[in-house]
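Encoded as structure tokens, the structure appears first; notes follow it.
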Amino acid sequence: MLSSTVLNVISRSISTSTFKNQIIKLSRLRVVDNSEIGRQAMMEGKPPRCIHVYNKLGVGYIGDRILVAIKGEKKKGILVGLKQKQSPKIPKFDSNNLVLIDDNGTPLGTRIQVPIPHILRTKMKEKTHTKGADYTKLIAIASRFV
């Protein structure tokens, strides 16, 4: 009898939330472009969840590509705003923002509805290669920078 109550108390102290609001697997995100699939998922109250982060650390930062599950499909996206603590001169957002892209880096939407960090311009230019994905279109559809 005593052991079950002790285990019950111990199990209450275990937290399953993400550490410091980092983007890891199963983190919820908010789609901030005007793509059809993103708009439908957000209106239904079923935001996309991160499946995989394409970097060595497994933790997503601004400008990183991730794989998300949205409405039963797998889509790629780029992180454009995070809740976690940022380095100096990079703004901290109140939600984890995502822009959906296809395999060659073209955004699925035609407009980004929230301001994106100015540092994203330099990061996306570094990641754009001649044979790889073209992220300059993502910067072109952004109307406001912070």
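Along the sequence shown, residues are numbered consecutively beginning with 1.
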Inset, instruction - Kindly give the heavy-atom pair with the smallest separation between I37 and K71, and that separation in Å. - result: O-CD, 3.8 Å
Inset, instruction - State plainly whether one hydrophobic cluster holds both L67 and V32, where clusters connect Ile, Leu, Val, Met, Phe, Trp and Tyr through side-chain heavy atoms under 4.5 angstrom apart. - result: no
Inset, instruction - With the side chain counted from C-beta on, respond yes when P117 and I62 share a heavy-atom pair under 4.5 Å apart, and no when they do not. - result: yes
Inset, instruction - Sequence neighbours left out, what passes side chain to side chain donor-acceptor pair (under 3.5 Å) with Q40? Give chain and number order. - result: E36
Inset, instruction - Would you kindly confirm whether V31 and M43 end up in one hydrophobic cluster when ILVMFWY residues are joined by side chain heavy atoms under 4.5 Å apart? - result: no
Legend entry - Non-hydrogen atoms of V68 and L29 that approach each other most closely: CG1-CD1, 3.7 Å
Inset, instruction - Measure the shortest side-chain to side-chain distance between I66 and H52 over non-hydrogen atoms and say whether it is less than 4.5 angstrom. - result: no
Inset, instruction - Drop me the distance from L98's CG to S27's OG, to the nearest 0.5 angstrom. - result: 11.5 Å
Inset, instruction - Drop me the distance from Q113's CD to R144's CZ, to the nearest 0.5 angstrom. - result: 9.0 Å
Legend entry - Sidechain-backbone polar pair: R30 side chain, M42 backbone, donor-acceptor under 3.5 Å: no
Legend entry - Minimal non-hydrogen separation, I116 against A142, with atom names: CD1-CB, 3.5 Å
Legend entry - Closest non-hydrogen atom pair between P48 and I70, with its separation: CB-CB, 3.9 Å
Inset, instruction - With the side chain counted from C-beta on, respond yes when D103 and K76 share a heavy-atom pair under 4.5 Å apart, and no when they do not. - result: yes
Inset, instruction - I would like to know whether I101 and L108 meet side-chain contact (heavy atoms from CB on, under 4.5 Å); could you show each step before the answer? - result: CA-CA 5 Å; I101 59 172; L108 296 180; 5.8 Å; no
Legend entry - K75 with E73: basic N within carboxylate O range, under 4.0 Å: yes
Inset, instruction - Report yes or no: do Y54 and I23 belong to one cluster of Ile/Leu/Val/Met/Phe/Trp/Tyr joined by side chain heavy-atom distances under 4.5 Å? - result: no
Legend entry - Side-chain heavy-atom pair D33, L100 within 4.5 angstrom cut-off: yes
Legend entry - Straight-line distance of I139 CD1 to H118 NE2, nearest 0.5 Å: 9.5 Å
Legend entry - Flag if over 12 foreign heavy atoms under 6.0 Å of CZ, R111: no
Legend entry - Sequence-distant partners of K46, salt bridge (Lys or Arg N to Asp or Glu O under 4.0 Å), two or more places apart: none
Legend entry - Joint cluster assignment, F93 & L120, ILVMFWY side-chain distance < 4.5 Å: no
Legend entry - D64 vs I78 side-chain heavy atoms within contact, under 4.5 Å: no
Legend entry - Note, I112 side chain near V99 side chain (heavy atom, < 4.5 Å): yes
Legend entry - Which atom of I51 lies closest to which atom of K74, heavy atoms considered: CD1-CG, 4.3 Å
Inset, instruction - For the residue pair L79 and N96, establish whether any side-chain heavy-atom pair is separated by less than 4.5 Å. - result: no
Inset, instruction - Please name the pair of heavy atoms, one in P47 and one in R28, separated by the smallest distance, quoted to 0.1 Å. - result: CG-CD, 4.0 Å
